[in-house]
Structures are given as C-alpha cells and as structure tokens.
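Computed from a predicted structure; not experimentally measured.
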Amino acid sequence: MKFTKEFSEILGINVSYSHAGIGVYSEKLQKAMGINLISIPLDKNKSKLQYPGRIIYPEYPKITSGWLLNRFKTRKYIKNEKFSLLHYTAPILKPIRDDDIVTFHDLYMFEKKG
C-alpha cells in the first residue's frame, strides 16, 4: 500500500465496495465535492468487489482476512501523508488529527429505547 502526493488538498478514505451504502455515499461525495477518493479493501474476502475511486490494495496475511491488521496499517500510512483535510467515509479508524472529518452511518443502534 502506497499513497502518493498526486492528490489535491482533500483526501477521502473509503473501505466499502461500490454496492454498499457507504460505498455509494463515497462515490457521490467524490463527484459532488471533487475530493480525491482512495478505497482500501481491508478484507481480502471482499477485495475482488468493485470499489469507487482509486483502489489501493493492502497486504493480506495468509491465515486471516486481514481486516484488523490492515486497519492498523492503514492508519500508519495515512499518518505519513500530508493533506490539509482527511475525510473518512466510514469510522474504521480513530481520526489521526483533530481536524479530520468522519462520516458516521447507521446510528440507529445508539437510539434511546423506551
């Protein structure tokens, strides 16, 4: 996995495939705001699906799907990049900087019951 400096000031990080709700949202956000979108298929079991934006494939271990390992590795790679704004389209990672943006989906599980 390697990011490059060829992107503009805003970088979107996506981990969902194109037919998932978050993947569709990511693609629409890319078109509407003109952000540079990178999709990272964290799980090798879903790596062959279609993803929006530029796809960067991480390393997949032989034994597991790689999801947890790649989650932490992705954070390391992002931390080394210099962008004025990072927008995560799914809360897969704790934001690296205070001014990062995270879009949360499906908050129904936090709804107060009763």
Side-chain angles (χ1 to χ4, degrees):
M1 180 188 321
K2 178 86 173 101
F3 291 174
T4 64
K5 305 294 183 196
E6 65 190 58
F7 296 103
S8 71
E9 296 295 314
I10 302 174
L11 178 65
I13 306 293
N14 172 58
V15 297
S16 295
Y17 50 94
S18 293
H19 299 294
I22 296 172
V24 170
Y25 168 81
S26 299
E27 192 167 28
K28 287 181 179 181
L29 183 69
Q30 177 186 25
K31 290 176 183 174
M33 294 186 64
I35 66 169
N36 291 296
L37 183 66
I38 291 178
S39 286
I40 305 168
L42 298 178
D43 187 330
K44 73 178 171 188
N45 297 325
K46 296 182 180 177
S47 65
K48 303 240 186 288
L49 298 173
Q50 184 179 358
Y51 287 78
R54 180 175 169 211
I55 302 170
I56 295 179
Y57 292 98
E59 297 173 23
Y60 300 113
K62 292 179 182 177
I63 299 172
T64 69
S65 70
W67 185 85
L68 188 60
L69 174 69
N70 287 325
R71 188 174 166 203
F72 292 112
K73 281 186 157 192
T74 299
R75 183 176 172 78
K76 180 182 133 194
Y77 286 113
I78 294 170
K79 207 173 202 174
N80 292 330
E81 294 296 316
K82 305 291 183 214
F83 297 99
S84 62
L85 184 65
L86 284 169
H87 181 193
Y88 308 94
T89 59
I92 57 144
L93 306 165
K94 179 181 174 188
I96 293 170
R97 305 174 308 192
D98 291 340
D99 60 350
D100 290 350
I101 298 172
V102 179
T103 299
F104 286 89
H105 298 267
D106 299 333
L107 294 176
Y108 66 89
M109 74 276 280
F110 297 111
E111 183 179 358
K112 187 176 180 179
K113 308 261 192 249

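Within the 3.5 Å criterion, the main-chain N or O of S16 finds no donor-acceptor partner in the side chain of K46. A donor-acceptor contact shorter than 3.5 Å links the side chain of S39 to the backbone of P52. With hydrogens and angles disregarded, a donor-acceptor distance shorter than 3.5 Å links the side chain of S18 to the backbone of Q50. Judged by distance alone, the side chain of K44 and the main-chain N or O of T64 form a donor-acceptor pair under 3.5 Å.
In the hydrophobic cluster analysis, where Ile, Leu, Val, Met, Phe, Trp and Tyr join through side-chain heavy atoms closer than 4.5 angstrom, Y17 is grouped apart from V24. L69 and Y57 fall into different hydrophobic clusters, where Ile, Leu, Val, Met, Phe, Trp and Tyr are joined by side-chain heavy atoms under 4.5 Å apart, directly or via other members.
At a threshold of 4.5 Å between non-hydrogen side-chain atoms, the residues I35 and L29 count as touching. Between Y60 and N70 there is a side-chain heavy-atom pair separated by less than 4.5 Å. No side-chain heavy atom of P41 sits less than 4.5 Å from a side-chain heavy atom of L49.
Here CD1 of I55 is found 9.5 Å from CG of N14. Values are rounded to the nearest 0.5 Å. The structure places CD1 of I38 at 5.0 Å from CD1 of I13, a figure rounded to the nearest 0.5 Å. In this structure, the separation between CD1 on I22 and CD on E27 is 14.0 Å, given to the nearest 0.5 Å.
Test V15, N45, L42 against W67 for side chain to side chain contact (heavy atoms under 4.5 Å, CB included) and you get one pass: L42.
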